[in-house]
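Just follow the structure's listing: the first ligand is 1, and inside any ligand the first atom is 1. Residue numbers count from 1 along this sequence.
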Amino acid sequence: MPSVYNWQLGRAMPYPYEQASPKEQFAFVININRCIGCQTCTMACKSTWTFAKGQEHMWWTNVETKPYGGYPHHWDVRILDLLEQANPGAQRWNGKPGDDPHRPYGQFSGKTVFEAPQMVARGSQPNLVLGYLPTDEEWNAPNRFEDHPPHGPSKPMDFGAGTELNGDKKHETWFYYLARLCNHCSYPACLAACPRNAIYKRPEDGIVLIDQQECRGYRKCVEACPYKKSMYRGTTRTSEKCIACYPRVEGNDPECGGAPMETRCMAACIGQVRMQGLVKVGPDSTWIEDRHNPLYYLVHVARVALPLYPQFGTEPNGFYIPPRWVPTKFLEQMFGPGVQAAVERYRNPDRELLAVLQLFRRSNQIIARYEIQEGRKVYQTSVNGRQFEMYDDTIIAYNRLGKEMFRTKVEEPVHVRPAAHANSI
Ligand code: SF4
Ligand code: SF4
């Protein structure tokens, strides 16, 4: 089997196809700390793409409450369990997270879904990817355990006495919202498993699509995708998945004047937690330095945004700013070894990070580049024993066409209504 380079694992790994990186890659960052679980993103996607017959259970984007929620039910626990069975006690990371964009999280020495296919749950048929096919029941009730644990709301989600909580006071009860969509992986497991070559990754933007003419509904992609983001439709007998709102990303929406636009789920986000973009990638899939692309900055410079379950091996292009209040061990399983440092940086943001965080959801268009104009110091304090200073910097966003999209400030302006108009609209 050919060997490809996976920068998230910090090493090469087997993959059924030769390395072939797109020119640019669709990617996104979601700030879990600010998600309010309103499901506006979920409904924006549903009402755009999956409102027809046979698509009732299709939630291309969904928001689940961790640790107990998941759609399909317990998708991540099930695949983690299969990997553990395939490689007992050895799913480990070595080395330390660092600056090298070829190996920012150290090296994963365990097995990926491409390295443990012998554990496939379906019969004796040879398979290329470790996976399982969820039951019909597991595709029911997409938002089970929202805001409450399975054993009743009175029981705390307690992960053991003395659980270390990133330096914050221990909370006995915690949960967080995990907004998910297809990660348009660099090494898609869905594509690797398709016996009809019906799944392809676009060379221009890395978006992964299923050719509906070619698909015969064998559901190999549904079985293989470790994130369970390929879904079967009984009425057409084909599989379907998130299409990354590609007409918008191509700049075809009449609203955007030819500039790439963000997907529906990103643009609709009420909590202003989602940012989508296009990043430049090299021939070995590592990101080419693009210092002032906000996604490059958040993932490779500030290193506050981390991939979702990088150990699966598909090199997902969805990145998350992990929540501050959750035990590190739990987060490390989900986002890899960079968690502790990411949470620390987010809790004590430096001047540039604070400015870049203001870019989330000020526009529907994809931000290609930002610039910061320095402003005066407006505030200082100490956070957990560390000095924190806030400057009223102005941050300017440009689109792909080099046009200024907007400028915004770190300090939110305060408008005081004149006394004559108090209580009037
Ligand atoms: S998340 Fe799943 S469906 Fe999406 S590209 Fe990756 S493997 Fe394929
Ligand atoms: S719209 Fe935004 S805030 Fe609301 S659930 Fe989705 S990601 Fe979270």
**OP:** Might you confirm whether atom CZ of Arg216 has over 12 heavy atoms from other residues, nucleotides or ligands at distances under 6.0 Å?
**Re:** yes
Original post:
Would the number of heavy atoms belonging to other residues, nucleotides or ligands and lying under 6.0 Å from OH of Tyr246 be above 12?
Top reply: no
Subject >> Cation-pi check, Arg219 onto Tyr232 ring (under 6.0 Å, within 45° of axis) >> reply: yes
Original post:
Cation over ring, Arg180 on Trp60, under 6.0 Å and within 45°?
Top reply: no
Subject >> Counterpart residues, side chain to side chain donor-acceptor pair (under 3.5 Å), relative to Arg407 (two or more places apart) >> reply: Glu404
Original post:
Which of these, Phe319, Phe335, Trp75, sits in a ring-ring contact (aromatic ring centres under 6.0 Å, His included) with Tyr309?
Top reply: Trp75
**OP:** Could you grab the protein N, O or S atoms closer than 2.8 Å to atom 2 (Fe) of ligand 1 for me?
**Re:** Cys225 SG
Original post:
Given Gly271, Cys41, Cys45, which one has a non-hydrogen atom that is nearest to atom 3 (S) of ligand 2?
Top reply: Gly271
Among all protein non-hydrogen atoms, which one is nearest to [atom], and what is the separation to 0.1 Å?
atom	result
atom 4 (Fe) of ligand 2	Cys38 SG, 2.3 Å
atom 7 (S) of ligand 2	Arg274 NH1, 3.4 Å
atom 8 (Fe) of ligand 2	Cys35 SG, 2.4 Å

Subject >> Full working for side chain to side chain contact (heavy atoms under 4.5 Å, CB included) between Tyr132 and Lys228 >> reply: CA-CA 9 Å; Tyr132 76 97; Lys228 294 292 167 251; 3.4 Å; yes
**OP:** Of the side chain and backbone of Gln272, name the one, both, or neither that has a heavy atom under 4.0 Å from an atom of ligand 2.
**Re:** neither
**OP:** Write out all pairs satisfying ring-ring contact (aromatic ring centres under 6.0 Å, His included) with one or both partners inside residues 21-47, taking only residues at least two apart or from two chains.
**Re:** Phe26-His184
**OP:** Mind checking ring pair (Phe, Tyr, Trp, His ring centres under 6.0 Å) for His73 and listing every partner two or more places apart, or none if nothing turns up?
**Re:** none
Subject >> ligand 2 atoms in contact with Ile270 (distance to a heavy atom under 4.0 Å) >> reply: 1 (S)
Subject >> Proximal atoms of ligand 2 relative to Cys269 (non-hydrogen, under 4.0 Å) >> reply: 1 (S), 2 (Fe), 3 (S), 7 (S)
